[in-house]
Structures are given as C-alpha cells and as structure tokens.
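Bear in mind that the values here come from a model prediction, so they are computed numbers and not experimental data. Counting convention: from 1, in listed order, for ligands and their atoms alike.
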Amino acid sequence: MPKIGEIVIREAVDADWNGIWPFFRRIVADGETYCWPTDLPEDRARREWMELPGGVVLVALDGSGAIVGTAVIHPNREGGGDHVANASFMVDPSRAGAGIGRALGEAVLSRAAADGYRSMQFNAVVESNAGAVRLWRSLGFQILTTVPEAFRHPRDGYVGLHIMWRRLGESR
Ligand SMILES: CC(C)(COP(=O)(O)OP(=O)(O)OC[C@H]1O[C@@H](n2cnc3c(N)ncnc32)[C@H](O)[C@@H]1OP(=O)(O)O)[C@@H](O)C(=O)NCCC(=O)NCCS
C-alpha cells in the first residue's frame, strides 16, 4: 500500500462513495474537466466511477482518514482492446497542489502494470486543463493527437481534447 507523506492510497470499498461524492460533484459541476453534464445525478456518478466493468477504484486518505482523492482504472475497450487501461482522477479541490494527484497517478500506473495492462490511454484530457496535462506528461504520457474544439469550456470556449497514452508493460 503506497504511503506518501500523510497520504495513504488503498483500494476503495463501497462505503467510500460518501467521502468521494462531495468533491466529485463539485468537480463535475465546474464543467471544466469532464465530459459529463454539470448536474450529473449521484446514482449515475456512482455507477460511472464505482461500478465500471473490470474497474478498480483507488482512494487517497489524509492523516485523519478523510478521502481527499480518487482514481479508477478500467479496460479502455472490451474484447480485443481490453489490454489497454483507461484511468480517471479526481482530487478534492480544497487539497489541490499538495501532491495527491501525482501520488494517485503513480499508484494507478503501478497497479495497472501489476494487473497486466500493456498501456494506458486517456481519451479526453481537456487541453486547457494545464495542471493535468503537465502531470500526465511528467508521468510519461504523450499527446497522440488533439481533437480540435471537442470540448466546450464554460470560460475558455471551444478547446481541444487530448488523447494521451503511455506504454506500461508487455504481459497482455
Ligand atoms: C488534475 C488533478 C488530478 C491534479 O491533482 P493535484 O493533487 O492537484 O496535483 P499535484 O499536487 O499532485 O500536482 C502534480 C503536478 O501537477 C501540475 N499541476 C498541478 N496543478 C497545476 C496547476 N494549477 N497549474 C500547472 N500545473 C499544475 C504540476 O506539474 C505538479 O507538478 P509537481 O508535482 O512537480 O509540483 C486535480 O487537480 C483534479 O482532480 N482536477 C479536477 C479533475 C481533473 O482534472 N481530473 C483529471 C482529468 S484528465
């Protein structure tokens, strides 16, 4: 179980959703980083995070045991595409910039490699999400292409969506 400073990262249990939803809701309501409706209902949000086929959810906890971030790893495609992992990340905005996203990113990469995925793909990294783009690049991801004007940002208007990718291993 990786431990970074006061942050502990472990696999989520169902009851963790109650600690995830408050910041998940806030991030989706901002409409700046995910292609979901800003009023995404909780039951759908829970399904999209906690119940993805083949999904593994991680949570990051601070020293008091509060959930401060989460990530989910799942096959990017079914069948012949299931050796490519996808992953999504959310860190409580009130705890941003403290290294939690990087710790989750590293934990996700090692878990996905241990689970036998050959590579990891992010299908839709919003071009204007500079912090995330910089973090993923620093963790070895490259931008394969950018779909022009694919995301309607509430302040920046039409911006691109990056498809980002990196190799993990060769076991699948
Ligand atoms: C993206 C996100 C996961 C990053 O988590 P975080 O805990 O704030 O990130 P960290 O503190 O670990 O920062 C890691 C790196 O990100 C970069 N970064 C973070 N915030 C940044 C910002 N506002 N501007 C520029 N770079 C930034 C830095 O390169 C930092 O590098 P360092 O470790 O060398 O200092 C988090 O901000 C988040 O959940 N955002 C909303 C949802 C989202 O965008 N998810 C990802 C979708 S692709």
Side-chain angles (χ1 to χ4, degrees), residues 2-10 12 16-17 19-40 42 44-46 48-50 52 55-64 66-74 76 84-112 117 119-156 158-166 168:
K3 189 170 181 186
I4 299 97
E6 290 231 317
I7 299 295
V8 171
I9 295 175
R10 62 157 169 79
D16 291 331
W17 176 251
I20 294 171
W21 174 238
F23 64 83
F24 188 117
R25 175 186 210 159
R26 207 172 136 195
I27 288 167
V28 173
D30 281 345
E32 298 184 2
T33 53
Y34 277 92
C35 298
W36 279 316
T38 51
D39 60 353
L40 186 72
E42 182 177 359
R44 187 176 154 209
R46 185 184 177 126
E48 300 265 13
W49 203 263
M50 304 295 282
L52 287 173
V56 172
V57 179
L58 301 180
V59 284
L61 299 97
D62 70 8
S64 74
I67 296 176
V68 292
T70 182
V72 58
I73 310 164
H74 61 100
N76 189 48
V84 180
N86 192 314
S88 301
F89 297 82
M90 295 210 186
V91 170
D92 183 341
S94 69
R95 308 295 290 267
I100 299 163
R102 178 175 295 283
L104 276 169
E106 287 168 355
V108 157
L109 287 170
S110 66
R111 176 63 189 258
Y117 288 107
S119 56
M120 182 169 286
Q121 179 173 329
F122 299 152
N123 296 317
V125 181
V126 176
E127 192 175 22
S128 56
N129 191 356
V133 174
R134 190 163 145 206
L135 175 57
W136 309 145
R137 277 186 184 280
S138 78
L139 290 174
F141 288 82
Q142 57 180 286
I143 297 171
L144 295 181
T145 194
T146 306
V147 185
E149 300 182 4
F151 188 78
R152 211 169 54 254
H153 190 281
R155 280 176 290 104
D156 300 339
Y158 292 106
V159 295
L161 283 180
H162 296 316
I163 298 175
M164 300 188 76
W165 176 90
R166 65 156 280 175
L168 295 173

Nearest non-hydrogen partners of A12 and D16, listed with the distance
CA-OD2, 3.2 Å

Atom 29 (O) of ligand 1: the protein heavy-atom neighbour that sits closest, reported with distance to 0.1 Å:
R134 NE, 3.1 Å

Given G131, G97, G101, S88, which one has a non-hydrogen atom that is nearest to atom 8 (O) of ligand 1?
G97

Which atoms of ligand 1 have any heavy atom of I27 under 4.0 Å away?
41 (C), 42 (C)

Identified side chain to side chain contact (heavy atoms under 4.5 Å, CB included) counterpart of V125 within the set V133, T146, I163:
V133

Using distance alone, decide if ligand 1 has a nitrogen or oxygen within less than 3.5 Å of any nitrogen or oxygen in F89.
yes

Looking only at protein heavy atoms, which one is nearest to atom 1 (C) of ligand 1, and what is the separation?
A132 CB, 3.8 Å

Would you mind reporting whether L161 and C35 have side-chain heavy atoms less than 4.5 Å apart?
yes

Quick test: of every protein heavy atom, which one is nearest to atom 31 (O) of ligand 1, and how far off is it to 0.1 Å?
R102 NH2, 3.3 Å

Would a 4.5 Å heavy-atom cut-off, applied to side chains only, mark F141 and L109 as touching?
yes

Just jot down the ligand 1 atoms closer than 4.0 angstrom to any heavy atom of M90, in number order.
39 (O)

From the options W136, F23, F141, select the one whose nearest heavy atom is closest to atom 48 (S) of ligand 1.
W136

Please verify whether a non-hydrogen atom of G99 lies at under 4.0 Å from ligand 1.
yes

For L58, is there any backbone N or O sitting under 3.5 Å from a side-chain donor or acceptor partner on T70?
yes

Backbone N or O of G69 within a donor-acceptor pair of the R95 side chain at under 3.5 Å?
no

Polar contacts were defined as any N/O atom of the residue lying under 3.5 Å from an N/O atom of the ligand; does this apply to A98 and ligand 1?
yes

Distance to 0.1 Å, residue and atom name: give those for the protein heavy atom nearest to atom 44 (O) of ligand 1.
N129 ND2, 2.7 Å

In terms of residue, atom name and distance, what is the protein heavy atom nearest to atom 2 (C) of ligand 1?
V91 CG2, 4.5 Å

So do E32 and D156 actually touch side chain to side chain, heavy atoms under 4.5 Å?
no

With heavy atoms under 4.0 Å as the rule, classify the contact between Y34 and ligand 1 as side chain, backbone, both or neither.
side chain

Nearest to atom 37 (O) of ligand 1, what protein heavy atom do you find, and at what distance?
A96 CB, 4.7 Å

Heavy-atom side-chain proximity of L139 to E106 below 4.5 angstrom:
yes

Can you tell me the protein heavy atom closest to atom 4 (C) of ligand 1 and the distance?
L135 CD2, 4.0 Å

Does the protein place a non-hydrogen atom closer than 4.0 angstrom to atom 13 (O) of ligand 1?
no

Please tell me if atom 23 (N) of ligand 1 is touched by the protein, where touching means a protein heavy-atom distance below 4.0 Å.
no

So which of W36, F89, Y34 actually passes ring pair (Phe, Tyr, Trp, His ring centres under 6.0 Å) with F24?
W36

Please report the closest heavy-atom contact between S94 and R26, naming both atoms and the distance.
N-NH1, 4.1 Å

Which ligand 1 atoms, with their elements, are less than 4.0 angstrom from a heavy-atom of I100?
7 (O), 12 (O)

Would a 4.5 Å heavy-atom cut-off, applied to side chains only, mark L104 and M90 as touching?
no

